[in-house]
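Down below is the structure, laid out as structure tokens.
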Amino acid sequence: LNTKAKALQTATNFLQKKATSSDEDLLRVSASTSATAGTHEITVNSLARARVNASAGFASPTTGFGGPASLQLDVGGNTYFVAVTTPTLTSVADAINAQNIGVQAQVVDTGNTANGGTERYQLVLRATTAGAEGAFTVSYDDGDAAFQNLITGLEANEIVPGSNASVTIDGITLQRSTNSIADAIPGLTLDLVDEGTVTVTVATDAEEISTKVQEFVEAYNAVVDFATAQNALDAEGKASSPLFGDSLLRNVRSSLRVIAGGLVGDSGNPAYQLFSQIGITSDTQGKLTLDRTKFGEALAADEGAVAALFTNDTTGLMSRFVEQIDVYTDSVDGLFKTRSESFDRQVKDTQRRIDDAERRLEIYTTQLERRYANLESLLAQLQGQGSSLSGINNLSTNRR
């Protein structure tokens, strides 16, 4: 219940926003709680693309290009030299990838069988970052003529130029190196899919808010159900639960019920100051029910007042719930902890009395055993004396 109340405690969390695009084949959009309601006209002029270069075709990925060689890659303003001992399409690709410098190399099997497949395999370089930011250049540095021809052809054959995305938002054109733009409109993330114009609408997400309120209602009802179950009688009319009649449990149920039925006097609209006025009603057992239709109507009529009923810093119902729950659950001096510590003390005191009684019993047992042993010894002595007397008596009789 505490978790669900906190999820509705602030206006930012309560007033969830939903953004929609008029054409998701061109642009998709998502909204955070900080988004502002309204509409935007957005034109995707061009998408961000990562640069791609490809070499000429060769018959095999292991075709040799002479002896030791090296090439130069310029990426993001930095220059890197890549050395290859035995250059082939595969070894050059592996050497570039080992550098981890923002360019990914791959030997591609094009499946081209023309001229006996002599041009089937190509070395392809791709920027790992889209846009101008990730653009690169490749050039020959050292090696045999065959290696120089490979790199020169790779440098000249730009398949896809590295370019930024261009987007016009409400008449303002901007560029980004990525197709996911989160810093153009506060609270919105724009995912560019294709070129074209769309309308983006941002509004309060009544469905999402209703879902969060329903989750709160269910958590509240779970507390009520627990309290009811603890105070139920079994088939014989006897208490069967450990908290039957517990005063703290009654206090919990009563205090939460008072808050749920409480009035928020400064919501900004007298028509929306109680749960019941926005579609949250209570039955005879104290359980809540949310009427989503009525709640949605109230939200549409005055979302500010409905939000204030939940989120006002001092009188909002969620703040009251959180504060009251803290009275019970605080890890330092909460009533649950205090009660638990009280039970612990009672258990320890009882155990101490049991231990004392057992020690006394052990001492008393020892005393009885000692007395019994003494009696046994005395009885043995008496029996011995009796036997002696009996012997003397028999001897005297015989003499007569």
Side-chain angles (χ1 to χ4, degrees), residues 10-54 72-80 96-97 99-106 124-139 154-209 300 303-304 307:
T10 65
T12 300
N13 286 339
F14 182 84
L15 290 175
Q16 296 286 310
K17 295 297 191 302
K18 182 179 182 180
T20 56
S21 169
S22 61
D23 190 343
E24 292 196 343
D25 290 333
L26 301 180
L27 181 145
R28 299 187 181 98
V29 61
S30 59
S32 68
T33 55
S34 61
T36 302
T39 59
H40 306 276
E41 183 178 276
I42 301 176
T43 299
V44 181
N45 303 310
S46 62
L47 298 176
R49 290 179 170 83
R51 177 169 179 165
V52 180
N53 280 44
Q72 177 179 326
L73 279 168
D74 293 289
V75 187
N78 297 311
T79 297
Y80 305 91
I96 292 173
N97 292 336
Q99 298 293 316
N100 193 25
I101 54 177
V103 177
Q104 184 71 32
Q106 180 184 14
V124 177
L125 303 188
R126 291 185 176 85
T128 58
T129 302
E133 180 181 335
F136 64 86
T137 59
V138 57
S139 58
L154 182 63
E155 178 183 9
N157 191 22
E158 183 183 48
I159 304 299
V160 179
S163 59
N164 289 336
S166 173
V167 182
T168 301
I169 302 175
D170 298 329
I172 305 298
T173 300
L174 52 88
Q175 292 189 3
R176 294 292 186 273
S177 62
T178 174
N179 290 317
S180 182
I181 303 175
D183 61 350
I185 304 175
L188 295 185
T189 297
L190 310 176
D191 292 313
L192 314 184
V193 180
D194 203 351
E195 297 176 2
T197 300
V198 300
T199 298
V200 169
T201 303
V202 184
T204 298
D205 190 348
E207 186 64 27
E208 178 64 20
I209 298 172
E303 69 176 34

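The first residue of the sequence shown is numbered 1, and numbering continues consecutively from there.
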What are the two closest heavy atoms between Gly187 and Ala35, and how far apart are they? O-CB, 3.8 Å

Atom CZ in Arg126, atom CD1 in Ile159: separation rounded to 0.5 Å? 10.0 Å

Minimum heavy-atom distance between Ala37 and Ala203, given as atom pair plus value: CB-CA, 4.4 Å

Between the OG1 atom in Thr197 and the CG atom in Asn45, the distance rounded to the nearest 0.5 Å is 8.0 Å

Is there a side chain to side chain contact (heavy atoms under 4.5 Å, CB included) between Thr137 and Arg51 once you walk through the steps? CA-CA 9 Å; Thr137 59; Arg51 177 169 179 165; 4.1 Å; yes

With a 4.5 Å cut-off on side-chain heavy atoms, are Arg176 and Val167 touching? no

Approximate separation, where rounding is to 0.5 Å, of Thr129 OG1 and Phe136 CZ: 11.5 Å

Determine, step by step, whether Val193 and Glu24 satisfy the side chain to side chain contact (heavy atoms under 4.5 Å, CB included) criterion, reporting the C-alpha distance in whole Å, the side-chain angles of both residues, the deciding distance to 0.1 Å, and the verdict. CA-CA 8 Å; Val193 180; Glu24 292 196 343; over 6 Å; no

Please report the shortest heavy-atom distance between Asn164 and Ser46, naming the atom on each side. O-OG, 3.7 Å

If you define the side chain from C-beta out and look only at heavy atoms, does anything of Glu41 sit under 4.5 Å from Asp170? yes

Test side chain to side chain contact (heavy atoms under 4.5 Å, CB included) applied to Val52 and Val124, step by step: CA-CA 7 Å; Val52 180; Val124 177; 3.7 Å; yes

Shortest non-hydrogen contact from Ile209 toward Phe14: CG1-O, 3.1 Å

Return yes if some donor-acceptor pair links the side-chain N/O of Arg28 with the main-chain N/O of Asp191 below 3.5 Å, else return no. no

Is it the case that atom CD in Glu158 sees more than 12 heavy atoms from other parts of the structure closer than 6.0 Å? yes

Above 12 or not: heavy atoms from other molecules or residues under 6.0 Å from CG of Asp194? yes

Please round to the nearest 0.5 Å and tell me the distance separating atom CD1 of Ile42 and atom CD1 of Ile172. 13.0 Å

Calculate, to the nearest 0.5 Å, the distance between atoms CD and CD1 belonging to Gln106 and Ile96 respectively. 12.0 Å

Under 3.5 Å, side chain of Asp23 to main-chain N/O of Val198, donor-acceptor pair present? no

Taking atom types as modelled, is there a side-chain donor on Thr39 or Thr201 under 3.5 Å from an acceptor on the other? no

Within 6.0 angstrom of Gln99 CD, more than 12 heavy atoms from elsewhere: yes

Checking the side chain of Gln16 only, and the main-chain atoms of Asn13 only, is there a donor and an acceptor separated by less than 3.5 Å? yes

Any Thr168 side-chain heavy atom under 4.5 Å of Thr173 side chain: yes

Straight-line distance of Leu174 CG to Ile169 CD1, nearest 0.5 Å: 4.5 Å

Backbone N or O of Leu154 within a donor-acceptor pair of the Asn53 side chain at under 3.5 Å? yes

Where do Asn97 and Ala105 come nearest, in terms of heavy atoms and distance? OD1-N, 2.7 Å

Closest heavy-atom pair, Val138 versus Leu73, reported as atoms and distance to 0.1 Å, is CB-CD2, 3.6 Å

So which of Val29, Thr36, Thr20, Leu188 actually passes side chain to side chain contact (heavy atoms under 4.5 Å, CB included) with Val202? Leu188

For the backbone of Thr199 and the side chain of Ser22, can you confirm whether one donor and one acceptor N or O come within less than 3.5 Å of each other? yes

Can you list the steps and then say if Ser32 with Ser34 is a side-chain hydrogen bond (donor to acceptor under 3.5 Å, both in side chains)? CA-CA 5 Å; Ser32 68; Ser34 61; 2.9 Å; yes

How far apart are the C-alpha atoms of Leu192 and Leu27, what are their side-chain angles, what is the distance that settles it, and do they pass the side chain to side chain contact (heavy atoms under 4.5 Å, CB included) test? CA-CA 5 Å; Leu192 314 184; Leu27 181 145; 3.7 Å; yes

